[in-house]
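Notes for the one structure printed next.
Every chain is numbered from 1 and lettered A, B, ... according to where its sequence line falls, protein lines coming before strand lines.
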Protein chains: 2
Amino acid sequence: MKRTTISDIARECGVSLSTVSLVLNNSPRISAKTRARVLAAVEKFGYQPNMQARALASRSSRMVSVVVPHLRHVFADIYFGEIVSGIYDYASEHDYKVMLDVANRKFVQNREYLNILKTRRVDGMLFIASSMEDTYLKEFDGRKDAFLLVNHYYPDTDLNYIMIDYKDSARQAAEHLTGLGHCRIGLIAGVNTYTGRDFRDAFIAACTCRGCREKDIVVTEGGRDWSQEDGFRAAEKLLSESQSITAIMAANDRMAIGAMRYVHTHGLKVPEDISIMGVDDIPDARFTTPGLTTVHHPLYTLGRRACEVVLQLFRGELDAGRELIAGALSKRESTAPPRDMR
Amino acid sequence: MKRTTISDIARECGVSLSTVSLVLNNSPRISAKTRARVLAAVEKFGYQPNMQARALASRSSRMVSVVVPHLRHVFADIYFGEIVSGIYDYASEHDYKVMLDVANRKFVQNREYLNILKTRRVDGMLFIASSMEDTYLKEFDGRKDAFLLVNHYYPDTDLNYIMIDYKDSARQAAEHLTGLGHCRIGLIAGVNTYTGRDFRDAFIAACTCRGCREKDIVVTEGGRDWSQEDGFRAAEKLLSESQSITAIMAANDRMAIGAMRYVHTHGLKVPEDISIMGVDDIPDARFTTPGLTTVHHPLYTLGRRACEVVLQLFRGELDAGRELIAGALSKRESTAPPRDMR
DNA sequence: AGACCGCAGTCAAGCGGTTAACCCAATACG
DNA sequence: CGTATTGGGTTAACCGCTTGACTGCGGTCT
């Protein structure tokens, strides 16, 4: 009841173990004739090499680890879902497998994030967007593991990252809104991430640069989940504190949708009374009423590229990887010139 | 720049390789004193055993594979998310890792579903709810791999499964609605799964058993995605074809929510004009207006148990595993007695 | 003709663990 | 006192594959 191994194939063909191995690894050192014989035997036995043995000998597990934050329904979040899909597809196309990890307390306390690489369980690790609180990431500073932050970064370290260019998205959003004539804008910011802060600062800078007075950009914090509820509450706060704003900019679509719901339930019309804009371009953004103007962020592509980079890092084809991917304005119906401009 | 291995530890302590190995595997054959010495060295070097080597020698990769269907946003689906979370948590608590797989064309054509087990990449496999079209699953019939269908089953095979008791949920739903006095009910069924068909048949049976006439249970097919849009369209069809129904039963919450949206946009009130009921109890069900009456399905628990079973199958502690997990009625505001009963 | 050079394979030393079988001193027992 | 048992380790044979070094050989170059 034993599984067939490489030596069964070798015996069957009357060649050595190494020959079979070389055939299986597409080495050019084997003649076409021998190769065909070996492959026929492989086919005949339905032979599949044992990945553990292969990994042990070759020092490559052909597996990457994807680490997602420990959030309530992280496996039901389109934001993470898109990135994971991108990673999975790229990995799969290159005969890699994806291992899942959740950065929960156990993961951090036991320092599993280091052990996973140390135990050679995976060739590389991808950390999807965690928050500023995840200071343990600093431990990777100085190590030369195939390690990549996906859609976030860690200041003052040499950690590799690939992420959406949030500053640029902020600029695009600011230009769109100011271009329509808005100059008193409420910003629902996400401040528990470095990218969220960058977005906030870049947005304010871009607005003032285009003629808004800094005090007319009213900032409120969304909340740590960046959820619809957070957006709802933030809009409530924003509108109760300053009635004069003509537009709300949210740091992601979910909060924008929550804000829109608040605005609607309070008898205001979007975009006639107030413009609302988000960031990310999640599928739902298309189906809100009115459709949500947002900055499209190619998260699937980001995931694919992240996986590509981490494999290059593993193979030593890359020393450091730091990339920014630009978003693009996606204009829908939730933004329009303010009332007094029409 | 080599990693520390088991022999480094052995040398440091002046014991043999096997002693270290036995300590690491909690063998009772080593004295407390020696054990302490070894563990101290392990600590000192920050040693972590190489999992590939361990897997090769011990014939266990301490990893399970989770296969999800190839759907549009499967990594962003609360239904799959809950199950995966359950699997992940159980696995993680037992020092297992989770490998991800998507049953896409490549996966099926290359018969990867067999290779993953053959190549010993994983100890067990969990297939989350696929449809009746996934006939390739039949190939597992007769094999004694640690293999489990999660929340579906395959008739006329010996494939192991663990799933929600959909027939029972159908009965509970039918009893709730008929109990309120409904006897003309529209059913939005999901018919591309065996469990969906069972649900439909059991629902009809339970209704007729409780006095409804079979022709008053109007059945329409939802669609292959079981999505809100599917529910929306199905409700439209249902209400245009038979105005007399007083309740709509959907085979899952998402379709129920879609149906509710249709009903609302057409000026009818839930539950005054028509009752609506779903199945699953996803988080959104709590936040609809009115709150959706549904049958709660413990998907997280299902995932946990599924992982437990598959590991027991792997260790040979279980020969076959076939389990049903019961749902429980979750009464909210979307169901009430029909107009003529009040 | 002799040195040299691929070409097509083979040899054998790993990769880093696990575990059945064995070994030896100390204790238990008749 | 001789023998069986047991606690605590060790030995060595794998697990199944990769890969650098080596070999034999026919053809090239000088």
- For A:Ser92, the option from A:Tyr96, A:Tyr90, A:Tyr88 that meets side chain to side chain contact (heavy atoms under 4.5 Å, CB included): A:Tyr88
- Task: Check the distance between D:dC17's P and A:Asn26's CG and give it to me in whole angstrom.
- Result: 16 Å
- Taken to the nearest whole Å, CG/A:Asn25 to C1'/C:dG9 is 15 Å
- Task: Could you run through nucleotides 6-12 of chain D and give me one letter per nucleotide, 5' to 3': B if any protein heavy atom sits under 4.0 Å from the base, S if only the sugar-phosphate is that close, - if neither?
- Result: --BBBBB
- In whole angstroms, how far is the C1' atom of D:dG16 from the CD1 atom of A:Ile9? 13 Å
- Is any side-chain N of the basic residue among B:Lys44 and B:Glu12 closer than 4.0 Å to the acidic one's carboxylate O? yes
- Item | Atom-to-atom span, CZ of A:Arg11 to P of C:dT10 - whole angstrom | 15 Å
- Query: In degrees, rounded to 10°, what is the bend between the two ends of the helix from C:dA1-D:dT30 to C:dG30-D:dC1, using five pairs at each?
  - Reply: 40°
- Item | Pairing of A:Glu139 and A:Arg111 as salt bridge, 4.0 angstrom limit | yes
- Task: Report yes if some heavy atom in the side chain of A:Val64 is under 4.5 Å from a heavy atom in the side chain of A:Phe314; otherwise report no.
- Result: no
- Task: Verify whether the ring centers belonging to B:Phe127 and B:Phe147 lie closer than 6.0 Å.
- Result: yes
- B:Arg120 CZ to C:dG17 P, in whole Å, measures 20 Å
- Report the C-alpha distance between B:Glu112 and B:Arg121 in whole Å, list the side-chain angles of each, state the deciding distance to 0.1 Å, and finish with yes or no for salt bridge (Lys or Arg N to Asp or Glu O under 4.0 Å). CA-CA 11 Å; B:Glu112 281 188 45; B:Arg121 250 197 145 119; over 6 Å; no
- A:Ile78 and B:His73, any side-chain heavy atoms less than 4.5 Å apart: yes
- side chain to side chain donor-acceptor pair (under 3.5 Å) between A:Asp134 and A:Tyr154, intermediate numbers included: CA-CA 10 Å; A:Asp134 299 321; A:Tyr154 206 109; over 6 Å; no
- Query: Tell me, which of residues 36-63 of chain A have any heavy atom that sits under 4.0 Å from an atom in DNA chain C?
  - Reply: A:Leu56, A:Ala57, A:Arg59
- With the threshold set at 4.0 Å, does a side-chain nitrogen-carboxylate oxygen contact exist between A:Arg11 and A:Asp8? yes
- Atom-pair distance (CZ on A:Arg3; P on D:dC17), nearest Å: 12 Å
- Message: I'd like to know whether B:Tyr79 forms a side chain to side chain donor-acceptor pair (under 3.5 Å) with B:Asn151, so could you lay out the CA-CA distance, the side-chain angles of the two residues, the decisive distance to 0.1 Å, and finally the verdict.
- Response: CA-CA 11 Å; B:Tyr79 173 86; B:Asn151 212 26; 2.6 Å; yes
- Query: Is the ring centre of B:Tyr113 less than 6.0 Å from the ring centre of B:Tyr136?
  - Reply: yes
